[in-house]
*Asks:* 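Below is the structure I would like to discuss, written out as C-alpha cells.
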Amino acid sequence: MRFSLLAALRNLEDVDFRFLADLLEVSDSTLSQALTVLADAGLVTVRKEAAGRRTRTWVGITATGRTAFERHLATLQAIVSTGTAEQPSEETS
C-alpha cells in the first residue's frame with residue numbers, strides 16, 4: 001500500500017486525499033494510516049486547507065520520499081532482472 005502510494009505521488013504535485021483514496025481503491029482509514037507512517041518517516045507531507053465548510057487534505061511526496069521510492073524501485077528491478085537470467089538447461093541421460 002505504501003509503495004503504491006509513493007508510486008502515485010512520485011510524478012504529481014500535491015494531490016487531494018479523496019483522489020488518492022479513489023485511485024488506490026482503499027478506505028479513508030487505510031489511506032490515513034499509511035499517510036501517517038509515511039509522514040512520520042519524512043517521505044510525504046500532509047497539509048489541511050479550509051474549503052468552505054469542509055477541510056481538504058493535500059498530500060505530496062518529499063525529496064526524501066522520492067529518493068527512497070527510486071531506490072526501492074531500482075532494487076525491485078534488479079531482483080526481477082536476476083530472475084530472468086538464462087538458467088543452464090538440464091540434460092537428461
*Asks:* Is the backbone of Leu43 close enough, under 3.5 Å, to the side chain of Thr62 for a donor and an acceptor to pair up by distance?
*Replies:* yes
*Asks:* Which atoms form the tightest heavy-atom contact between Gly60 and Asp14, and what is the distance?
*Replies:* CA-OD1, 3.5 Å
*Asks:* Between Ile61 and Leu9, what is the shortest heavy-atom contact and its length?
*Replies:*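 Smallest heavy-atom distance, with atoms named: CG2-O, 3.6 Å.
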*Asks:* Would you compute the distance between atom CZ of Phe17 and atom OG1 of Thr55 and round it to the nearest 0.5 angstrom?
*Replies:*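 Phe17 atom CZ to Thr55 atom OG1 measures 12.5 Å (nearest 0.5 Å).
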*Asks:* Looking at every non-hydrogen atom in both residues, tell me the closest pair between Ala21 and Leu31 and how far apart they are.
*Replies:*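 Residues Ala21 and Leu31, closest heavy atoms: N-CD2, 3.5 Å.
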*Asks:* Working to the nearest 0.5 angstrom, can you tell me the gap between Lys48 NZ and Arg54 CZ?
*Replies:* 13.5 Å
*Asks:* Looking at Gly42 and Thr64, what are the two nearest heavy atoms and their distance?
*Replies:*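 Gly42 and Thr64 have their closest heavy atoms at O-CB, 3.9 Å.
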*Asks:* Using every non-hydrogen atom in the two residues, find where Ile79 and Thr82 come nearest and quote the distance to one decimal.
*Replies:*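 Taking every non-hydrogen atom into account, O-OG1, 2.9 Å.
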*Asks:* Step by step, would you call Leu5 with Leu20 a side-chain contact (heavy atoms from CB on, under 4.5 Å)?
*Replies:* CA-CA 8 Å; Leu5 179 53; Leu20 279 177; 3.7 Å; yes
*Asks:* Determine whether Leu73 and Gln77 satisfy the following criterion, side-chain contact (heavy atoms from CB on, under 4.5 Å), listing intermediate values before the conclusion.
*Replies:* CA-CA 6 Å; Leu73 184 59; Gln77 289 171 332; 4.1 Å; yes
*Asks:* What's the spacing between Met1 CE and Gln33 CD if we round to 0.5 Å?
*Replies:* 10.0 Å
*Asks:* What do the steps show when you test Glu70 against Arg10 for side-chain contact (heavy atoms from CB on, under 4.5 Å), and what is the final call?
*Replies:* CA-CA 9 Å; Glu70 295 299 333; Arg10 83 179 220 199; 3.6 Å; yes
*Asks:* Are any side-chain N or O atoms of Ser32 and backbone N or O atoms of Asp28, one a donor and one an acceptor, separated by less than 3.5 Å?
*Replies:*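 Checked: no pair found.
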*Asks:* Is there a side-chain contact between Arg2 and Val37 in this structure, where contact means two heavy atoms from C-beta onward sitting under 4.5 Å apart?
*Replies:* yes
*Asks:* Go through the steps to decide whether Leu76 and Phe3 satisfy the test side-chain contact (heavy atoms from CB on, under 4.5 Å), and finish with yes or no.
*Replies:* CA-CA 11 Å; Leu76 290 174; Phe3 184 78; 3.8 Å; yes
*Asks:* Counting N and O atoms only, with roles assigned by atom type, does the side chain of Arg47 sit under 3.5 Å from a partner on the main chain of Trp58, one being a donor and the other an acceptor?
*Replies:*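 No, the answer is negative, given that no donor and acceptor are paired below the 3.5 Å cut-off.
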